[in-house]
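Scope of the values below: all heavy atoms of this structure, side chains included, with no hydrogens, waters or symmetry mates.
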Amino acid sequence: DGGITQSPKYLFRKEGQNVTLSCEQNLNHDAMYWYRQDPGQGLRLIYYSQIVNDFQKGDIAEGYSVSREKKESFPLTVTSAQKNPTAFYLCASTTMKGAFFGQGTRLTVV
Amino acid sequence: GESVGLHLPTLSVQEGDNSIINCAYSNSASDYFIWYKQESGKGPQFIIDIRSNMDKRQGQRVTVLLNKTVKHLSLQIAATQPGDSAVYFCAEAGTFAGGTSYGKLTFGQGTILTVHP
């Protein structure tokens, strides 16, 4: 089935560690996005990529990094510079019907 | 900066009633809006969209109304069912290279819809 797959569903990180969240899509979409969602809040844009080997910062890029080496994949690294990383992370890819989302990764700092 | 916000954070209705969820936006240049439904622990699910050259758009049991004069969106759900219980977000699409960027979205806070049997 076509879709957007995020893994893992739950992730625990120790303070000072970098972690990488996976996002894969087989929809042949050019553009992919990473959002962060805090409890009781809407989504905020972290990074996005309109095409392979290119990406732009969103509204809250500090403490995060991405790569886009393949069209299907857009991994997000949460670095130790991100002071409050505990959140629900959502990956999306787009058509002219807007963004279609994966099921999310819940990251918790322990 | 620009923002999209919601008037009512919670809405409780009885099964079978119609629901109306409201949203205010501040960027008058926006030309594309989307409503999403998000169930607990899941990603947002596309419900319906509307462009700024339209006032109304209907889907299956859902209608979106756009009032550009007062920068207001609403989502109407007919014959609300318990399965409609979720958080509903409106989102505004940004621009990229002079065109609409369908994934560069600004989201509102969300409205929690609870449907009682």
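- Linking Ile, Leu, Val, Met, Phe, Trp and Tyr residues whenever their side-chain heavy atoms come within less than 4.5 Å places B:Val115 and B:Leu11 in a single cluster.
- Side chains of A:Arg44 and B:Phe107 form no contact here, defined as non-hydrogen atoms less than 4.5 Å apart.
- A:Leu107 and A:Tyr47 fall within the same hydrophobic cluster, defined by Ile, Leu, Val, Met, Phe, Trp and Tyr side-chain heavy atoms under 4.5 Å apart, directly or through other members.
- Transitive grouping of hydrophobic side chains (ILVMFWY, heavy atoms separated by less than 4.5 Å) brings B:Val13 and B:Tyr88 into a common cluster.
- Neither the backbone nor the side chain of B:Gln45 comes within contact range of chain A, judged by heavy atoms closer than 4.5 Å.
- Both B:Val64 and B:Ile47 are members of a single hydrophobic cluster when ILVMFWY side chains are connected at heavy-atom separations under 4.5 Å.
- Considering CG of A:Asp59 and OG1 of B:Thr106, their distance stands at 6.5 Å, rounded to 0.5 Å.
- To the nearest 0.5 Å, atoms CG (B:Leu105) and OH (A:Tyr33) are separated by 7.5 Å.
- A continuous path of ILVMFWY side-chain contacts below 4.5 Å connects A:Ile4 to A:Leu90, so both sit in one hydrophobic cluster.
- Taking CD from A:Gln37 and CD from B:Gln38, the interatomic distance works out to 4.0 Å, rounded to the nearest 0.5 Å.
- Listed here is the closest heavy atom pair of A:Leu43 and B:Pro44: CD2-CG, 4.0 Å.
- The backbone N or O of A:Phe100 sits nowhere less than 3.5 Å from a side-chain atom of B:Tyr36 that would complete a donor-acceptor pair.
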Just distance, no hydrogens or angles: give the donor-acceptor pairs under 3.5 Å from side chains in residues 74-81 of chain A, sequence neighbours left out.
from    : atom 1 : to      : atom 2 : distance (Å)
A:Thr77 : OG1    : A:Thr20 : OG1    : 3.0
A:Thr79 : OG1    : A:Gly63 : O      : 3.0
A:Thr79 : OG1    : A:Ala81 : N      : 3.2

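- A distance of 15.5 Å separates CZ of A:Phe101 from NZ of B:Lys42, quoted to the nearest 0.5 Å.
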